[in-house]
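Input: a single structure, listed below in structure tokens.
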Amino acid sequence: MIGRLNHVAIAVPDLDAAIAQYAGTLGANVGAPQDEPDHGVTVVFIELPNTKIELLHPLGDNSPITGYLDKNPAGGIHHICYEVDDIMAARDKLLADGARVLGTGAPKIGAHGKPVLFLHPKDFNGCLIELEQV
Ligand SMILES: CC[C@H](C(=O)O)C(=O)SCCNC(=O)CCNC(=O)[C@H](O)C(C)(C)COP(=O)(O)OP(=O)(O)OC[C@H]1O[C@@H](n2cnc3c(N)ncnc32)[C@H](O)[C@@H]1OP(=O)(O)O
Ligand SMILES: [Co+2]
């Protein structure tokens, strides 16, 4: 069911500093900040030869990243995103296997304009998983 690793997301307390670090110190190809109000985040994608890094910073009053940064003030790896061919079939299999699909269970449109879902970290070895239909 899961395919390629689409991205690894890092929650950052200072987005400008993280951008400068990846573009300067790490010499990476860093995209422009993208506000995603429906998800309560500002994202910046960093293109790597074999996957992407997604920098995440809180946007708005009800961001899921705010809670994460309260617990992890220096930031940290927030989630990993796997690609799937059919997100509804994936959701149905996950629910059938007893996994929790976060939110309403209906996919939202993610930063790439594709449907995404999130799976509870406690069901997957402490790792928040995002699925993106490609
Ligand atoms: C534009 C979209 C973009 C894209 O790629 O397209 C994105 O990726 S948007 C990313 C931001 N959106 C989300 O993260 C949505 C899914 N997340 C959630 O629903 C919540 O953040 C949730 C349920 C994972 C955690 O909610 P909350 O922080 O309010 O709950 P708790 O603090 O009570 O946490 C419960 C339990 O889980 C642990 N936890 C929380 N976040 C993470 C995490 N990122 N990775 C691993 N574990 C996490 C937390 O420590 C608690 O554990 P406990 O042992 O009970 O302390
Ligand atoms: Co993501």
Side-chain angles (χ1 to χ4, degrees):
M1 182 170 78
I2 60 172
R4 290 172 1 117
L5 174 68
N6 183 276
H7 61 269
V8 176
I10 302 172
V12 299
D14 182 335
L15 190 57
D16 291 336
I19 289 169
Q21 199 172 39
Y22 272 84
T25 308
L26 295 173
N29 174 9
V30 179
Q34 203 178 311
D35 285 350
E36 294 289 343
D38 192 32
H39 294 267
V41 294
T42 298
V43 304
V44 173
F45 279 100
I46 295 155
E47 294 289 337
L48 301 178
N50 62 332
T51 190
K52 292 184 274 297
I53 299 300
E54 179 185 58
L55 302 180
L56 290 172
H57 188 70
L59 176 69
D61 300 334
N62 196 20
S63 170
I65 308 304
T66 305
Y68 182 89
L69 288 173
D70 289 346
K71 290 191 172 178
N72 308 276
I77 292 177
H78 183 262
H79 65 269
I80 55 176
C81 180
Y82 300 117
E83 294 178 358
V84 293
D85 294 333
D86 180 339
I87 201 156
M88 297 308 282
R91 186 198 62 174
D92 292 347
K93 174 168 175 16
L94 285 153
L95 291 175
D97 286 6
R100 284 171 283 183
V101 175
L102 296 171
T104 63
K108 291 169 84 170
I109 298 304
H112 298 129
K114 306 277 181 61
V116 299
L117 283 175
F118 289 88
L119 311 179
H120 203 288
K122 292 300 182 191
D123 297 339
F124 292 94
N125 311 296
C127 181
L128 177 61
I129 289 176
E130 178 182 8
L131 301 179
E132 178 176 322
Q133 179 173 292
V134 294

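Counting starts at 1 for both ligands and their atoms, following the listed order. Keep in mind that the numbers below use all heavy atoms, side chains included, and drop hydrogens, waters and symmetry copies.
Side-chain atoms of Q34 come within 3.5 Å of backbone atoms of A111 as a donor-acceptor pair (strictly under, hydrogens ignored). Remark: the backbone N or O of N6 is paired with a side-chain donor or acceptor of T51 at under 3.5 angstrom. At least one donor-acceptor pair under 3.5 Å links the side chain of D123 to the backbone N or O of R100.
The salt bridge (Lys or Arg N to Asp or Glu O under 4.0 Å) test with E83 is passed by exactly one of K114, R4, K52: R4.
Within the 4.0 Å heavy-atom criterion, neither part of K108 lies near ligand 1.
Distances from the Co ion (ligand 2) to each N, O or S atom of H79 single out NE2 as the nearest. In E54, the N, O or S atom that comes nearest to the Co ion (ligand 2) is OE1.
Summary of contacts: the protein heavy atom closest to atom 18 (C) of ligand 1 is L102 CD1, 3.9 Å. If you check which protein heavy atom lies closest to atom 11 (C) of ligand 1, you get P64 CG, 3.8 Å. At the top of the distance list for atom 50 (O) of ligand 1, counting protein heavy atoms only, stands K71 NZ, 3.6 Å. In terms of protein heavy-atom proximity, atom 36 (C) of ligand 1 is closest to K122 CE, 3.9 Å.
Summarising the geometry, atom CG belonging to L119 is positioned 9.0 Å from atom CG belonging to L95; distances are rounded to the nearest 0.5 Å. Taking CE from M1 and CG from L94, the interatomic distance works out to 4.0 Å, rounded to the nearest 0.5 Å. The CZ atom of F118 lies 6.5 Å from the CG atom of L128; values are rounded to the nearest 0.5 Å.
No side-chain heavy atom of P64 sits under 4.5 Å from any side-chain heavy atom of H39. Taking 4.5 Å as the limit, every side-chain heavy atom of M88 sits out of range of all side-chain heavy atoms of Q133. A 4.5 Å side-chain heavy-atom check between Y22 and I10 finds at least one atom pair inside the cut-off.
Closer than 4.0 Å to atom 56 (O) of ligand 1 lies at least one heavy atom of the protein. Distance remark: protein heavy atom not present below 4.0 angstrom from atom 28 (O) of ligand 1. When distances from atom 22 (C) of ligand 1 to the protein are checked, no heavy atom turns up under 4.0 Å. Distance check for atom 47 (N) of ligand 1: a protein heavy atom is found below 4.0 Å. Contact annotation for atom 2 (C) of ligand 1: protein present (non-hydrogen atoms, distance under 4.0 Å).
Annotation for K93: atom NZ does not count as buried by contact number, only 12 or fewer foreign heavy atoms lying within 6.0 Å. Within a 6.0 Å radius of CG in D38, other residues, nucleotides and ligands contribute more than 12 heavy atoms. Annotation for N62: atom CG does not count as buried by contact number, only 12 or fewer foreign heavy atoms lying within 6.0 Å.
Ligand 1 has no N or O atom lying under 3.5 Å from any N or O atom of Y68, backbone or side chain. Looking at A111 next to ligand 1, an N or O pair under 3.5 Å apart turns up. Between E54 and ligand 1, a contact under 3.5 Å exists for at least one N or O pair. Not one N or O of H39 is nearer than 3.5 Å to an N or O of ligand 1, by distance alone. Between H78 and ligand 1, at least one pair of N/O atoms sits closer than 3.5 Å.
Counting atoms of ligand 1 from 1 in the listed order, those under 4.0 Å from a heavy atom of G110 are 6 (O). Which parts of ligand 1 touch H7 is read off a 4.0 Å heavy-atom cut-off, strictly below it: atoms 5 (O).
The shortest separation from a heavy atom of P121 to ligand 1 is under 4.0 Å, placing the residue in contact. K114 does not count as a contact of ligand 1, since none of its heavy atoms falls under 4.0 Å from the ligand. Ligand 1 lies nowhere less than 4.0 angstrom from a heavy atom belonging to A9.
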Which is it for H78 and E54 under the side chain to side chain donor-acceptor pair (under 3.5 Å) test, yes or no, and what are the steps along the way? CA-CA 9 Å; H78 183 262; E54 179 185 58; over 6 Å; no
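Put simply, H78 stays out of reach of the Co ion (ligand 2), with no N, O or S atom under 2.8 Å from it. Look at E130 and the Co ion (ligand 2): an N/O/S atom of the residue is under 2.8 Å from the metal. Taking backbone and side chain together, H7 holds an N, O or S atom under 2.8 Å from the Co ion (ligand 2).
Between F45 and H112, the angle of the ring planes lies from 30° to 60°, which puts this pair in the tilted group.
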